[in-house]
Amino acid sequence: MARKQTDSNSEPETLWRKLFGGRSQHAKQSDDGVREIAAEDRNAIRQYLLRRLSEDQEQIIEQRLLNEDDLFEELEIAEDELVDEYVDGRLSKSDGEQVKKSFLATPEGIKKQRFAKTLGRYQSDQKNGAIEPKKPSLLSRLQQSLARVSTATSPLAQAVVVLIVISVGFAVWRGFFYQSDVDQALVALNAAYRDQRSVEVRITGLDYAPFVTTRGPGTAKINENELQRAELKLLDALRKDPTPAAHHALGKVYLARNAYDDAIKELDEALKADPNNPEIFADLGAAYLEKGKIDLDNEKSLQEGLGSGKGVEELARSLDNLNKALTANPNLLEALFNRGLCHQYLGLTAQAKTDWLEYIKRDSLSPWADEARHHLRMVESQEKKLSKNKEQIFQEFLTAYNSQNRSCDSECAQPQAIPHFRPVLREL
Amino acid sequence: MLLALRFPFADISRRRQLAELTPDLSVCPIEALVSDIHPMKRERDPTPEEFEKLLAWLASAGRDYKTIHHRLTRIFTSRGCIDAEMLADEVMNRVAVRIDKVVTTYEGDPVKCLLGFAENVYHEDWRDRQKLSEAEPPTQSTPPDGGEKEERERKKREQEDECLAICMEELSKADGNLFRRYFQEEERAKIARKKLAAELKITANALRIKAHRIRRRLQQCMQACLAEA
């Protein structure tokens, strides 16, 4: 049987006392968890790294390095300090050579050296006032964080992180890149009316295009393919999932197609499921407005007195919906624009003027604002005409009144012409 | 035997003498010493059973395999070994394949036994490197590469600066502040460190340890960042 070997724990300690002036003191622990080692240990580690110790001393140090956490940490700190001194040129020539051919020759040492140099540049930037570090790009941060997670955490944590990344990625994709059928249809609708719009009203979410009135088969610059694509997409979307958004979008397509009854039907459906949506109210108001305009025109072309009043009724409905839209969202410019038009067609010039002024105040730069200014000028012109008419009426009233006075006897207390002018006079 | 234990990093001739003096000792660390008169030969991988026994042996003395392996690696690095991790593996393998013998014949701190193997592995590696450098032809001056090397170096530096900035931003405000104040240019650092230690009500050495812990975190962060870049 082989003889058992034993180590002699007392031997290194005796040697340590002899070499470093006493047994290494126990590390002192401060309040914040930092354990400090004795000064002689710090010195011993530095000497060890500079290869100034005898083999016996090295043996003792290495044995302790494997056993003592604090001393091992000191080894890492002392290495960093030596690297800094080497990089700054603060080591003696012999020590520098020693460091260079020992741990600075290893891949780990090379990394430490590069880090020390990078830190040196950072210090210089600080000294020169460029304290704020360069802002890294979002992509760099993400890459860096992922790299760290993939190298430093357990498989379970990595799986959790992967799940989170996938979820965030999905959310970002849904939020920024994913387009539902409804979104795609609205993009197509916008594309269809890029050069010209077919209705005077504003449809929510649609970009500006000039309104060109054509009677009969004109050469409208409308992309029929895109329009058809939008409609088919939405019909398909409604078949799969009849959401209020899909009804709303299809309502907009029909409105743009001048199919107002269909538009009103779809928008009413949308409102059933989403009864407080200001944009649906705005578009419903727009549909009634366009429909009302046509019916008013039709009624005018009929003989006086045969009109059903349908046009005015539709304009009134339009106004009601537009008011609801603006109550729900006073900043909804489409609704404000359409209400200006509605008031104008209803002959309510004062209210129309207020709406146009308000619109221009909120949106003074867009092409829609140019149209609003044009309408404002029209309203003001109407106002002047109306004012002139009122003056004429007043003059006629005075003439009638005076002539009646001249022909009337003294007992003639109530001029016969006055009741006829009474409503006009009230307005004056 | 005691001589062998106390002078594990002796030169080869001395080791040979020691080996000759102790021919009857065939286990840790003497067997390792005997083997270093031959070129380094990689040990076979231990079987799972051998490895389990190694873990149990270390655990019985309150030692953790991973910690010991990591520290052996760092010791090899401090001594300038290029492939320090491989050498630490080799030490563990050598002990593991002899574990039955070690367990029955060796009493004492496992760390000391491991160091015996480690010194042998170190010397074998050192000898191999010497042979390699002797065999290498003298380095010829490299032809100019039209500034490509400088350009690569410049880009690398930029990347390092950016990574350090990223990692600095990830530090807490207190840690970032402590790090910046501690690692200033040397002439300003001394005063700043004294002031900082007083502010934090800790000793200068406790501050040094704290600052270097932050530095280690930053360095790890930067390496991960550079690896990804």
Side-chain angles (χ1 to χ4, degrees), chain A residues 2-9 11 30 32 34-36 42 48-49 55-56 58-59 62-63 65-67 72-73 75-77 79-80 88 90 101-103 105-109 111-112 114-115 117-119 121-124 126-127 131 133-136 140-141 143-144 146-148 151-152, chain B residues 1-2 5-10 24-28 68 71-72 74-75 77-82 84 105-109 111-112 114-115 157 160-169 180 183-186 202-203 205-206 208-210 212 215-216 219-225 227-229:
Chain A
R3 224 167 358 134
K4 285 216 168 193
Q5 295 179 60
T6 55
D7 68 354
S8 170
N9 284 329
E11 284 289 327
S30 65
D32 49 5
V34 173
R35 285 172 62 84
E36 297 178 58
R42 293 206 298 275
Y48 168 77
L49 287 170
E55 287 167 1
D56 295 344
E58 281 184 346
Q59 183 206 357
E62 284 171 348
Q63 194 178 335
L65 282 173
L66 288 180
N67 280 326
F72 184 76
E73 184 172 30
L75 174 82
E76 305 227 39
I77 294 173
E79 261 186 13
D80 285 340
D88 292 349
R90 283 184 278 128
K101 73 179 183 192
S102 57
F103 65 86
T106 65
E108 182 64 25
K111 282 178 192 167
K112 276 180 184 271
R114 289 206 74 99
F115 181 79
K117 285 181 178 173
T118 309
L119 195 55
R121 291 197 295 276
Y122 183 82
Q123 288 165 345
S124 294
Q126 273 196 311
K127 196 181 176 185
I131 294 168
K134 278 193 280 183
K135 292 280 180 192
S140 311
R141 283 158 183 252
Q143 283 177 339
Q144 197 269 336
L146 287 176
R148 201 147 5 90
T151 53
Chain B
M1 179 187 72
L2 283 176
L5 288 170
R6 286 168 59 188
F7 298 101
F9 281 87
D24 59 325
L25 300 175
S26 55
V27 290
C28 173
I68 296 285
R71 292 184 184 180
L72 276 175
R74 296 294 289 114
I75 287 172
T77 300
S78 300
R79 286 177 162 266
C81 298
I82 306 293
T105 59
Y106 181 76
E107 281 180 351
D109 187 354
V111 157
K112 205 161 185 181
L114 286 164
L115 274 175
R157 276 202 303 270
E160 285 168 339
D161 291 346
E162 188 176 355
C163 280
L164 182 61
I166 291 169
C167 295
M168 285 295 293
E169 283 217 336
R180 272 188 282 269
F183 288 103
Q184 295 186 42
E185 286 188 351
E186 196 56 25
I202 55 176
T203 64
N205 192 42
R208 172 176 167 263
I209 293 169
K210 274 168 97 74
H212 279 273
R215 178 183 175 135
R216 263 202 304 287
Q219 201 182 334
Q220 283 166 0
C221 169
M222 209 173 118
Q223 278 171 18
C225 174
E228 189 58 27

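Letters go in sequence order (proteins before strands), and every chain restarts at 1. If you're wondering where the values come from, they're calculated on a predicted model, not measured in any experiment.
Contacts of K112(A) with chain B are made by both backbone and side-chain atoms, with heavy-atom separations under 4.5 Å. Only the side chain of L164(B) comes within contact range of chain A, with at least one heavy atom under 4.5 Å from a heavy atom of that chain. Using a 4.5 Å cut-off between heavy atoms, R216(B) touches chain A through its side chain atoms alone.
K117(A) and E160(B) are not joined by a salt bridge, as no carboxylate oxygen comes within less than 4.0 angstrom of a charged side-chain nitrogen.
Counting heavy atoms from C-beta on, the side chains of Q59(A) and K112(B) come closer than 4.5 Å. Looking at heavy atoms from C-beta onward, L66(A) lies out of side-chain contact with D109(B) at the 4.5 angstrom threshold. Within the 4.5 Å cutoff, side-chain heavy atoms of E76(A) are placed close to those of R74(B).
Remark: E62(A) CD to L115(B) CG distance equals 6.0 Å, nearest 0.5 Å. Separation of atoms OG1 (T106(A)) and CZ (R79(B)) is listed at 13.5 Å; rounding is to 0.5 Å. Remark: L119(A) CG to D161(B) CG distance equals 10.5 Å, nearest 0.5 Å. Atom-to-atom distance recorded for I209(B):CD1 and E73(A):CD is 5.5 Å, nearest 0.5 angstrom. For the atom pair F115(A) CZ and C221(B) SG, the distance stands at 9.0 Å (nearest 0.5 Å).
By the side-chain contact (heavy atoms from CB on, under 4.5 Å) test, Q223(B) is found to be paired with K111(A), Q219(B), residues two or more places apart in sequence or in another chain being considered. Not counting sequence neighbours, the partners of K101(A) by the side-chain contact (heavy atoms from CB on, under 4.5 Å) test are Q98(A).
Heavy atoms only, all atoms of each residue included: P107(A) and I82(B) are closest at CD-O, 3.3 Å. For I77(A) against R208(B), the heavy-atom pair with the smallest separation is CG2-NH2, 3.4 Å. Here the shortest heavy-atom pairing between S78(B) and Y48(A) reads CB-CE2, 4.3 Å.
Remark: side-chain polar atoms of Q123(A) are paired, donor with acceptor, to backbone N or O of F183(B) under 3.5 angstrom.
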